[in-house]
> 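Here it is: the structure, laid out below.
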Amino acid sequence: MKKISIIGAGNVGATTALFVAQKELADEIVLVDVLPGLAEGKALDMAQAGAIERFETKLTGTSDYSKIHNSQLVIITAGLTRKPGMSREDLLHQNASIIEEITLNIVKYTPEAIIIVVTNPVDVMTYHVWKVSGFPAQMVLGQAGVLDTARFCYFIAQELKVSAKAISAIILGGHGDSMVPLPRYATVSGIPLTELMDEATINRLSLRAQKGGGEIVELLKTGSAFYTPASATVQMAESILKDKKQILPCSVYLEGQYGISNIYIGVPVKLGINGVEEIIELNLTESELSQLHASAKIYKQNIFSLTMDRR
Ligand code: NAD
């Protein structure tokens, strides 16, 4: 029996639950939220859609962490979102306390679970979950690169007026303005993107992808994007639960790969039933590598700031 628990029944959490149910990726989904009634209400509402959408996944909403026992996968989406003008890093200290409490409950009730962290700033929060849980690094990973890459693919498809399904691309680095799109590795039905667009257009689309989350925050005024973040999280969940071994950019713990150590940051990995089964090391140019190192430097500082704060 496959069971997924999703912590946080807000926009990202509830949408993730609905996608998981519609795809019947799990037999059971437990949705947990600190606000009394919120997770129960959303789970009940979603479960009733099963009569129309024809899914049989059992959905439970609760504020009681003991219900997450025996989950193969826990997805953490609980926490504050940024408001217009805020960076993801502005959420660091408040979300760290929320994440800590949640992680201790995961350790207590479902210590065998793989954990996908979505809460921002995701690279630092994933590091924090890994530290607090004491779980092996391959069982704790963060969602960012799949979302950032989906945005990049969408912008490329729009520009070329082709199906987004034809685009394959990858974005590395932290989930912030320092992320590193790799146009050299982007293709359109196998054709290198660099043969279809000039450098100025590629740079414009890369920049829009880097600022893609902020663009939506400005439009929404309250809250941040959630449909594509949920979709990205479910792609990772599917690769893990079905042992699909997809190669996806995820925030993972690096121990020397790309010359980076002791932080979580986005790189391509193979995702399977054991979590992060392999970290893929691409041959980066000097400029790509220095951009990745610049991104890593920011997250190292954020981890340092978090560690000092929690002493
Ligand atoms: P939201 O406000 O809609 O939902 C957050 C939910 O968390 C709320 O329902 C709240 O009650 C709940 N919560 C707060 N503290 C909790 C606790 N201690 N235990 C259980 N539940 C708790 O926000 P959202 O749009 O769903 O976003 C959630 C988080 O995901 C934010 O930090 C956001 O920045 C982040 N996010 C990350 C990505 C990414 O790519 N990594 C993308 C989008 C959003």
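In listed order, ligands and their atoms are each counted from 1.
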> Side-chain donor-acceptor pair under 3.5 Å between Asp64 and Thr62, yes or no?
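There is no such pair between these side chains.
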> Which atoms from ligand 1 have a heavy atom of Leu38 less than 4.0 Å away?
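Counting from 1, the qualifying ligand atoms are 9 (O).
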> Applying a 4.0 Å heavy-atom criterion (strictly less than), which segment of His175 is in contact with ligand 1: side chain, backbone, both, or neither?
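For His175, only side-chain atoms sit under 4.0 Å from ligand 1.
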> Of all the atoms in ligand 1, which lie at a distance below 4.0 Å from a heavy atom belonging to Asn95?
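Within the 4.0 Å cut-off of Asn95, ligand 1 contributes 32 (O).
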> Considering only heavy atoms of Ala78, which atoms of ligand 1 have at least one such atom less than 4.0 Å away?
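Heavy-atom distances to Ala78 below 4.0 Å select 7 (O), 13 (N), 16 (C), 20 (C), 21 (N), 22 (C).
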> Where is the nearest protein heavy atom to atom 26 (O) of ligand 1: which residue, which atom, and how far?
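Looking at atom 26 (O) of ligand 1, the protein heavy atom closest to it is Val12 N, 2.8 Å.
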> Pick whichever of Thr15, Val118, Thr222 has a heavy atom sitting closest to atom 38 (C) of ligand 1.
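Minimum heavy-atom distance to atom 38 (C) of ligand 1 goes to Val118.
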> Check Lys242 with Glu238, please: is the shortest side-chain N to carboxylate O separation under 4.0 Å?
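Salt bridge between Glu238 and Lys242, a charged N being under 4.0 Å from a carboxylate O: yes.
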> Measure from atom 43 (C) of ligand 1 to every heavy atom in Ala225, Ser251, Gly223 and give the option owning the shortest one.
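That would be Ala225.
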> How far is atom 12 (C) of ligand 1 from its nearest protein heavy atom, and which residue and atom is that?
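Result: Asp33 OD2, 3.2 Å.
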> A quick test of your reading: do over 12 heavy atoms of other residues, nucleotides or ligands sit less than 6.0 Å from CG of Asp198?
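Yes.
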> I'd like to check Val188 versus Leu160 (side-chain heavy atoms, cut-off strictly below 4.5 Å). Are they in contact?
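Yes, their side chains come closer than 4.5 Å.
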> Who's the nearest protein heavy-atom neighbour of atom 28 (C) of ligand 1, and how far?
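Atom 28 (C) of ligand 1 sits closest to the protein heavy atom Thr77 O, 2.9 Å.
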> Considering only non-hydrogen protein atoms, determine which one is nearest to atom 40 (O) of ligand 1 and report residue, atom name and distance to 0.1 Å.
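Nearest neighbour among protein heavy atoms for atom 40 (O) of ligand 1, to 0.1 Å: Gln143 NE2, 2.9 Å.
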> Is the Trp130 to Tyr253 ring centre distance short of 6.0 Å?
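So the answer is yes for these two rings.
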> Between Lys245 and Glu278, does at least one N-O distance fall below 4.0 Å, as a salt bridge requires?
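Here Lys245 does not pair with Glu278 in a salt bridge, since their nearest N and O are not under 4.0 Å apart.
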> Output yes when Lys3 and Asp27 qualify as a salt bridge under the 4.0 Å nitrogen-oxygen rule, no when they do not.
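The answer is no: the pair does not qualify as a salt bridge.
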> Enumerate the atoms of ligand 1 whose separation from the nearest heavy atom of Pro229 is less than 4.0 angstrom.
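Here the atoms of ligand 1 in question are 42 (C), 43 (C).
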> With clusters defined by side-chain heavy atoms of hydrophobic residues (ILVMFWY) lying less than 4.5 Å apart, directly or transitively, does Ile6 cluster with Leu80?
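In one cluster: no.
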> Quick check for you: to the nearest 0.5 Å, what is the distance between Thr149 atom OG1 and Ile167 atom CD1?
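These two atoms lie 12.5 Å from each other.
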> If hydrophobic clusters are built from ILVMFWY residues whose side chains come within less than 4.5 Å, do Met86 and Leu147 share one?
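Met86 does not cluster with Leu147.
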> Polar-atom distance check: Ser224 versus ligand 1, any N or O pair below 3.5 Å?
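Checking ligand 1 against Ser224, no N or O pair falls under 3.5 Å apart.
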> With the threshold set at under 4.0 angstrom, would you say Tyr65 reaches ligand 1 through any of its heavy atoms?
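Yes, Tyr65 has a heavy atom closer than 4.0 Å to ligand 1.
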> For Ile7, is at least one N or O under 3.5 Å away from an N or O on ligand 1?
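Among all N and O atoms of Ile7, none is under 3.5 Å from an N or O of ligand 1.
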> Which residue owns the protein heavy atom closest to atom 5 (C) of ligand 1, what's the atom, and how far is it?
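Going atom by atom, the protein heavy atom closest to atom 5 (C) of ligand 1 ends up being Gly79 O, 3.4 Å.
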> Looking only at distance, does Val122 have an N or O less than 3.5 Å from an N or O of ligand 1?
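Not met; the criterion fails.
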> Counting only heavy atoms, tell me which of Leu80, Thr81, Ile98 gets closest to atom 32 (O) of ligand 1.
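Going through Leu80, Thr81, Ile98 one by one, Leu80 has the nearest heavy atom to atom 32 (O) of ligand 1.
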> Asn120 heavy atoms, cut-off 4.0 Å: which ligand 1 atoms fall inside?
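In order of numbering, the contacting atoms are 32 (O), 33 (C), 34 (O), 35 (C), 36 (N), 37 (C), 38 (C), 41 (N).
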> Give a yes or no on this: more than 12 heavy atoms of other residues, nucleotides or ligands lie within 6.0 Å of atom NZ of Lys300.
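Yes, because the 6.0 Å sphere around NZ of Lys300 holds more than 12 heavy atoms from other groups.
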> Looking only at protein heavy atoms, which one is nearest to atom 16 (C) of ligand 1, and how far off is it?
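Of every protein heavy atom, Val34 CG1, 3.6 Å lies nearest to atom 16 (C) of ligand 1.
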> For atom 4 (O) of ligand 1, grab the closest protein heavy atom and report residue, atom and distance to one decimal in Å.
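Scanning the protein heavy atoms, the shortest distance from atom 4 (O) of ligand 1 goes to Gly10 CA, 3.2 Å.
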> Under a 3.5 Å threshold, yes or no: a donor from one side chain and an acceptor from the other, between Asp123 and Ser251?
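A donor-acceptor contact under 3.5 Å links the two side chains.
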> With a heavy-atom distance limit of 4.0 Å, tell me whether Leu147 approaches ligand 1 through its side chain, its backbone, both, or neither.
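Leu147 to ligand 1: side-chain contact only, backbone stays beyond 4.0 Å.
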> Is there at least one pair of N or O atoms, one from Ala144 and one from ligand 1, spaced under 3.5 Å apart?
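No; the residue has no nitrogen or oxygen that sits under 3.5 Å from a nitrogen or oxygen of the ligand.
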> Starting from atom 3 (O) of ligand 1, locate the nearest protein heavy atom and write down its residue, its atom name and how far away it is, to 0.1 Å.
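Minimum-distance protein heavy atom for atom 3 (O) of ligand 1 reads Asn11 N, 2.8 Å.
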> Would you indicate whether Phe19, at its atom CZ, is surrounded by more than 12 heavy atoms from other residues, nucleotides or ligands within a distance under 6.0 Å?
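It does: Phe19 CZ has more than 12 such atoms within range.
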> Under a 4.5 Å side-chain heavy-atom rule over Ile, Leu, Val, Met, Phe, Trp and Tyr, are Ile265 and Tyr185 clustered together?
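Yes, because Ile265 and Tyr185 connect within a single hydrophobic cluster, where side-chain heavy atoms sit under 4.5 Å apart.
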> Would Arg82 count as being in polar contact with ligand 1, using the rule that some N or O on each side must be under 3.5 angstrom apart?
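It does not: no N or O of Arg82 is found under 3.5 Å from an N or O of ligand 1.
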> Counting each atom of ligand 1 from 1 as listed, which ones have a heavy atom of Leu35 under 4.0 Å away?
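So the atoms of ligand 1 that pass are 11 (O).
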> Determine whether more than 12 heavy atoms belonging to other residues, nucleotides or ligands lie under 6.0 Å from atom CD of Gln94.
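Count not over threshold, so no.
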